[in-house]
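Report on the structure given below.
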2 protein chains.
Amino acid sequence: MVRLVDVARAAGVSVATVSRTLNGNARVDPELAARVHAAVAELDYRPNLVARNLRRRATQAWALVVTDVTNPFCTAVARGVEDVANAAGYSVFLCNSDEDPGKEQRYLAVAEAERVAGLIITPASPASDVGRLLGAGIPVVALDRHLPQPVATVVADSAAGAATATEHLLAHGWRRPACVTGPAGAETADQRAAAFRAVVRRCGLAELVEHVPYHAAGGAAAAARLLDLPQPPDCLFVANSALAIGVLEELRRRGLRLGADLGLVTFDDAPWAPLMDPPITVVAQPAYEMGGRAAELLLAALGSPAEPATRGTAVFEPRLVERGSCLRSG
Amino acid sequence: MVRLVDVARAAGVSVATVSRTLNGNARVDPELAARVHAAVAELDYRPNLVARNLRRRATQAWALVVTDVTNPFCTAVARGVEDVANAAGYSVFLCNSDEDPGKEQRYLAVAEAERVAGLIITPASPASDVGRLLGAGIPVVALDRHLPQPVATVVADSAAGAATATEHLLAHGWRRPACVTGPAGAETADQRAAAFRAVVRRCGLAELVEHVPYHAAGGAAAAARLLDLPQPPDCLFVANSALAIGVLEELRRRGLRLGADLGLVTFDDAPWAPLMDPPITVVAQPAYEMGGRAAELLLAALGSPAEPATRGTAVFEPRLVERGSCLRSG
DNA sequence: TTGTATGCGTTATCAG
DNA sequence: CTGATAACGCATACAA
């Protein structure tokens, strides 16, 4: 491994001069700088970031902890984060908590121990604790759900999205809607269910809601329970695309057809949604933009620690994308 | 930030003793150890990994560089890697090269500079250069495609899978097959195309092959070109699920229906494949297992550097999952 | 502007 | 078995 001192020796200068020319903060004689660059190229020197990080007590890396890497919403967020982070000179490491608070906590510990510059997280639970990170001076931005700590947060307007979806269903003549949502206690799951309930209640209809884990298996189980009811629902509002996969599996299993037998709207626009038959109407979150905004908030927090302006909540409006799974063709 | 010396002071011992009890290698008096643990708990001490890494000249982190985080194959691989890495005490950071050799190279540089313990990569190009990593003593395992360097590699048998898929199409009576595959030069793209060609040629049929980038947009463009041919194909073999999305979009746009108008088989089993109408027949790679195997190979390389046994290629057999998109119903 | 010397927090060596 | 102390590779305060 070639070190700073090797470059210094080759260039005939001190390590301080090499460090200075490479970091570009202080002024250094152009000629010496040229010799340094020549030596760097010659030896193919690359700074040891772990040494630099130790000395600077800061890294150039972010951690992005998401609840589900296989969820298109999360991967779109990841790209949004990545693009602005990279532009600002940061690398982002993606960590998958798998909706498991234990796994999440482990990644938080590693992130702290590795002294990441900042962290963006879609919390696995409302109790997810980033207090240690904050205590260690590592700024945190929450995404999709809030944290117990007062950190900058980026969310979509779940209530508005869910209300729009439910009303859309009713506007197409369906009369017995049900909601398949995430676990009780999960912010987005609760908000989407609450908005669904409010719309349904206002119309004097029954409030059918199933809370299940945010996985395909959960969606399938919820759909099965609902469809086994004495008076099964005639349309479904599903709170995310992972659940939707499970719901669709169950419908398929029972030979039920969208449009003919059942109306459907889901939260999140997955790449496969427009390909189904009929194509699925969704409430799309601007996931890429949300990731980008989260990254910008983190950047701001890195620039000015404890900046009050960076503690609010940025709310994005989801957008109804009509495609056909709500039409009553049967 | 609480440091080792703070713990030592609180426990009334030397830093060496604290370090030893925490790392558990050397023997230390049980009573002192108890005092140390008490102090650690009291102060809520957490080791600074960047200092440890500098001193040990090694980290406990792996980098996993994939070409496309939104591809279900890649995310399944990631989980396989993660599970065995975690079990062995390593953390894995996921990096997204986006099929872009430049972005990939940047991540490789960061991984080297951050002195990751090891790296697993699905190369964005056959020229992807991990020479520096290897030179720095960082073991590398390639996945899905080979690298120019002789490192342990995990792949699926693309040729066998593609041949099976093509034969399956022909066995169902389709007579003018075409292949939509990744860019020429990409190993999997070429192998799948070659196997397709071999089967088709053996049957005396035309060799219709489209090479496009491994994105949905590429798949759509390829499908459009093929369907605009004077004698368009009557069935398609698609080389991965991202391409398949685009192909299906294009079919939808043209009002063509699977089974009735066109047969289809794709590589990779995506969660949405069984939900299409008709459900899509696929050649499934055991992605999770492949990721796990890659991790095991990395573990082996970490245990014994330059072990010759860790330089071979592990080949997994893909499995045909029949679902209906090849049946001629029209 | 340049060089010397110190310290970032740990681990590991070497006496005791 | 324990404790002082020297690295690990780099950045910077300070002196020149």
Side-chain angles (χ1 to χ4, degrees), chain A residues 1-37 39-40 43-61 89 109-110 112-117 136-138, chain B residues 1-37 39-40 43-61 89 109-110 112-117 136-138:
Chain A
M1 170 201 293
V2 30
R3 299 154 324 187
L4 204 57
V5 53
D6 302 315
V7 177
R9 200 141 30 210
V13 298
S14 74
V15 291
T17 299
V18 178
S19 177
R20 278 189 283 253
T21 70
L22 260 37
N23 290 306
N25 3 318
R27 294 209 55 73
V28 41
D29 185 278
E31 154 145 23
L32 291 192
R35 296 218 313 258
V36 168
H37 285 123
V40 164
L43 301 175
D44 199 12
Y45 166 76
R46 305 241 183 140
N48 180 328
L49 288 196
V50 357
R52 167 180 292 175
N53 293 341
L54 176 58
R55 173 62 228 232
R56 284 195 182 154
R57 296 153 138 218
T59 62
Q60 288 293 105
V110 174
E112 180 199 351
E114 295 277 10
R115 300 303 191 269
V116 296
I138 300 175
Chain B
M1 170 202 294
V2 31
R3 302 156 323 196
L4 206 57
V5 53
D6 302 314
V7 177
R9 199 138 33 208
V13 298
S14 73
V15 291
T17 300
V18 178
S19 177
R20 276 190 284 252
T21 71
L22 261 37
N23 291 305
N25 5 318
R27 293 208 52 75
V28 41
D29 184 279
E31 154 146 23
L32 290 192
R35 294 211 322 252
V36 168
H37 285 122
V40 165
L43 301 175
D44 200 11
Y45 166 77
R46 305 240 185 141
N48 181 328
L49 289 196
V50 357
R52 168 180 294 173
N53 293 341
L54 175 58
R55 176 58 232 229
R56 284 195 182 155
R57 299 153 132 211
T59 62
Q60 288 292 106
V110 173
E112 179 199 352
E114 295 277 11
R115 302 301 193 267
V116 296
I138 299 176

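Chain A is the first sequence line, chain B the second, and so forth, proteins listed ahead of strands; every chain is numbered from 1. Side-chain atoms are counted along with the backbone in the values below, which use heavy atoms only and exclude waters and symmetry mates. The structure displayed is predicted, hence computed values, not measured ones.
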Reading DNA chain C in the 5' to 3' direction, which nucleotide is the first one with an atom under 4.0 Å from a heavy atom of chain A, and which is the last?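 For DNA chain C, the relevant span reads C:dT1 to C:dG9.
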Please find the pair of heavy atoms, one from B:Arg115 and one from A:Pro47, that lie closest to each other, and give the distance.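 So the two residues come closest at NH1-O, 4.2 Å.
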Residue pair B:Leu54 / A:Leu54: nearest heavy atoms and the distance that separates them: CD2-CD2, 3.2 Å
Just to verify, what does [X] make a side-chain hydrogen bond (donor to acceptor under 3.5 Å, both in side chains) with, not counting sequence neighbours?
X       : value
A:Arg56 : A:Asn23
B:Thr17 : B:Ser14
B:Gln60 : none
A:Arg57 : none

Is there a side-chain contact between [X] and [Y] (heavy atoms, below 4.5 Å)?
X        : Y        : answer
B:Glu114 : A:Asn53  : yes
B:Thr59  : B:Leu49  : no
B:Asn48  : B:Arg3   : no
B:Glu112 : B:Val110 : no
B:Ser19  : B:Leu4   : yes

Which residues in residues 51-59 of chain A have a heavy atom closer than 4.0 Å to any atom of DNA chain D? A:Ala51, A:Arg52, A:Arg55, A:Arg56
Listed in order of residue number, which residues of residues 12-21 of chain A have a non-hydrogen atom at under 4.0 Å from DNA chain C? A:Val13, A:Ser14, A:Ala16, A:Thr17, A:Arg20
Chi angles and distances behind the side-chain contact (heavy atoms from CB on, under 4.5 Å) call for B:Arg20, B:Leu22: CA-CA 5 Å; B:Arg20 276 190 284 252; B:Leu22 261 37; over 6 Å; no
Partners passing salt bridge (Lys or Arg N to Asp or Glu O under 4.0 Å) against B:Arg52 (at least two apart in sequence or in another chain):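 Checked B:Arg52 against salt bridge (Lys or Arg N to Asp or Glu O under 4.0 Å); zero matches.
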Atom pairs and distances, donor-acceptor, side-chain atoms in residues 28-35 of chain A, under 3.5 Å, two or more places apart:
residue, atom, partner, partner atom, Å
A:Asp29, OD1, A:Glu31, N, 2.8
A:Asp29, OD1, A:Leu32, N, 3.4
A:Arg35, NE, A:Ala11, O, 3.0
A:Arg35, NH2, A:Ala11, O, 3.1
A:Arg35, NH2, A:Gly12, O, 3.4

Which part of the nucleic acid, if any, lies within contact of B:Leu32, taking any heavy atom under 4.0 Å across all strands shown: a base, the sugar-phosphate backbone alone, or nothing?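 Sugar-phosphate, backbone atoms only, no base.
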Between which nucleotides of DNA chain D, read 5' to 3', does contact with chain A run, using atoms under 4.0 Å from its heavy atoms?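 For DNA chain D, the relevant span reads D:dG9 to D:dA13.
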Angle between the two end axes of the helix from C:dT1-D:dA16 to C:dG16-D:dC1, five base pairs per end, rounded to 10 degrees?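 Result, rounded to 10 degrees: 40°.
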List the residues meeting side chain to side chain contact (heavy atoms under 4.5 Å, CB included) with A:Val2, not counting sequence neighbours, and say none if there are none. A:Asp6, A:Val7, A:Leu43, A:Tyr45
